[in-house]
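Step one of this worksheet: look at the structure below.
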2 protein chains.
Amino acid sequence: MTSIILTPSSDLPLPRKPAIAREDLIIAALKLIGPHRSLSTVSLREVTREAGISPNSFYRQFRDMDELAIALIDLAGRSLRTIIGQARERATSTDRSVIRVSVETFMEQLRADDKLLHVLLREGAVGSDAFKQAVERELSYFEDELRVDLIRLAAAERARLHEPALVSKAITRLVFAMGAVAMDQPPERDPELIEQISQMLRMIITGARVLDTSPS
Amino acid sequence: MTSIILTPSSDLPLPRKPAIAREDLIIAALKLIGPHRSLSTVSLREVTREAGISPNSFYRQFRDMDELAIALIDLAGRSLRTIIGQARERATSTDRSVIRVSVETFMEQLRADDKLLHVLLREGAVGSDAFKQAVERELSYFEDELRVDLIRLAAAERARLHEPALVSKAITRLVFAMGAVAMDQPPERDPELIEQISQMLRMIITGARVLDTSPS
DNA sequence: CAGCAGAATGCACAACTGTATACACAGGTG
DNA sequence: CACCTGTGTATACAGTTGTGCATTCTGCTG
C-alpha cells in the first residue's frame with residue numbers, strides 16, 4: 001500500500017533546502033477537509049498551520065488557495081482513474097462482473113483515509129470557475145475511459161450499445177452523486193449502497209442495449 | 001406568475017410592528033447566492049446588509065444561518081415539487097411525454113431568476129449535518145412522488161417496472177447531478193442537455209422494464 | 001572564512017466575522 | 001398620563017482572515 005502522492009521520497013525534516021513542498025501543503029489541506037468541511041471553506045492560514053509553516057511561506061508554492069485546490073483535484077482525479085483502471089483489469093482477469101468490481105472499488109476508495117475522493121465529490125458544486133472546471137475535467141476523463149471500456153465490454157459479449165458516450169456520462173454522474181450521499185452515511189450501509197448502485201448501472205446498460213436494437 | 005414566497009402581503013415599510021420578517025431574510029439570502037456563492041459561504045452580516053437591517057435583528061428571526069438555510073431548503077423543495085407536479089399533470093392532459101415535459105420544466109426552473117433550485121443543487125454537498133439532511137429530505141420527497149408516478153405510468157402502458165424505488169432514486173439523483181453541471185454552462189446548451197437527460201432517463205426506464213421481465 | 005541567494009518567519013494592518021451588552025422607540029395596557 | 005413589552009439599532013469586542021514589508025536563518029559557493 002504505497003502512498004498516492006507522487007514523490008514521497010524524503011519526509012524526514014531536511015535541514016533547510018526544500019523544507020516545505022507543494023505536496024506537504026496538499027496533504028495538510030486533505031487533513032482539513034472532511035464530511036463537514038469543503039475546500040472552499042478552508043483558509044490559507046489553516047493549511048499552513050496544519051503543515052507547520054508560516055502563512056507567508058504558502059505563497060512560495062501556490063499563488064492562492066484556488067491554485068492548491070486545482071492541484072488537489074488533479075491529484076484526486078489521477079489517483080482515482082488509476083485505481084479504477086486496476087480494478088477493471090482485475091475484474092476481467094477474474095470472471096467477476098466489471099460493474100460490480102468497479103463499484104466496490106469506488107466505495108472502497110470512498111472510505112479510504114486519504115480522502116482524495118471526497119475532493120471530487122464535494123468540490124464540484126462550489127468554488128471559482130477554475131475550480132469547478134478542474135472537477136469537470138477530471139469527470140470527463142473518467143467518462144472517456146469508461147466509454148471505451150463499455151464499448152469493449154459490449155463487443156466482447158457480441159452486443160451493441162446505444163450512444164455509449166451518453167451511457168458513460170450517465171453512469172459517471174450517477175455514481176458520483178450516489179457516492180456523495182454514501183459519504184454521509186455510516187459505512188455499515190455500504191453493501192446496500194453497492195447493491196443499489198450496481199442495479200442502477202445495470203438498468204442503464206441494458207436499457208441502452210435495448211434502445212439500440214429498437215431505436216425510437 | 002405569482003411569487004413562490006408564502007405571504008408576500010405587505011412589503012411597504014410598516015411603521016413599527018413587523019418591519020422585518022423571516023421571508024425578507026430568505027429573499028436577501030437568495031439574492032446573495034449565485035453560481036460562485038454557496039449558502040455556507042454567505043455570512044450573517046451579508047444577509048442583514050442585503051435586507052437593510054442591523055445584524056442583531058437577524059436573531060429575532062433565526063437562531064443562526066443554519067436555521068435560515070434549512071428554511072430556505074424547505075421552501076425550495078416545496079416549490080420545486082409543486083412545479084414539477086403541475087408539469088406532470090400538464091403532460092398527461094396533453095399527450096406529450098411525461099419525461100420530456102418534466103425535464104424541460106426542471107431546466108426551466110434552473111434558469112428561473114428566483115434561484116430556488118440552486119439551493120437544492122449546490123447545498124447538498126457542504127454544510128452542517130442538519131443542512132445536508134434537509135436537502136436529502138427534499139430529494140427523498142421528490143423520489144417518492146416520482147415513484148408513484150412511475151408506477152402509474154407503467155400501469156397505464158400495461159407494463160411492469162423492476163424496483164420502482166430504485167428507478168426513481170436513480171432518476172432523481174441523475175437529474176439533479178446533470179442539473180448541477182447545466183447550471184455552470186451557458187443557457188444556449190440547455191436544449192442539448194434536455195435531450196441528453198431525456199435519453200438517459202429513457203435508458204433507465206426501459207432497462208428497468210426489461211430487467212423485470214427477465215430477472216437475473 | 002566571507003558572502004550571497006533563497007527560503008522561511010514575525011509583525012503589522014485593514015477587513016470581516018458572530019455575537020454580547022446596552023440603548024431607543026413604538027404601541028398596547030392600567 | 002405612566003408603564004411595560006416587544007422590536008430594532010449602535011457600539012464594542014475578540015477572533016480570524018489574506019497579504020505586504022522587513023528580517024532572520026541556512027546551506028552553497030568563492
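Chain naming here is simple, since letters A, B, ... match the order of the sequence lines and numbering starts at 1 in each.
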Distance, rounded to the nearest Å, where B:E46 contributes CD and C:dA15 contributes C1': 13 Å

Pairing of B:E195 and B:R100 as salt bridge, 4.0 angstrom limit: yes

Gap between atoms CG and C1', on A:D66 and D:dT19 respectively (whole Å): 16 Å

Carboxylate-amine/guanidinium contact A:R189 A:E192, below 4.0 Å: yes

Gap between atoms CZ and P, on A:F62 and D:dT19 respectively (whole Å): 14 Å

Side-chain ion pair, A:R78 and A:E138, N-O less than 4.0 Å: no

Nucleotide C:dA26, atom C1' - distance to CD1 of B:I20 in whole Å: 17 Å

B:L44 CG - C:dT19 P separation (whole Å): 7 Å

B:E67 CD - C:dT19 P separation (whole Å): 12 Å

Distance in angstrom units between A:R45 CZ and C:dA14 C1', rounded: 12 Å

Which residues share a salt bridge (charged side-chain N to carboxylate O under 4.0 Å, His left out) with A:D66, sequence neighbours left out: none

A:E89 and A:R96 ion-paired at < 4.0 Å: no

Pairs satisfying side chain to side chain donor-acceptor pair (under 3.5 Å), at least one member in residues 174-186 of chain A, at least two apart: A:R122-A:D184, A:D184-B:K132

Length of the line joining B:Q61:CD and D:dG6:P, which is rounded to integer Å: 15 Å

Interface with DNA chain D, restricted to residues 47-60 of chain A and to heavy atoms under 4.0 Å: A:R49, A:P55, A:N56, A:Y59

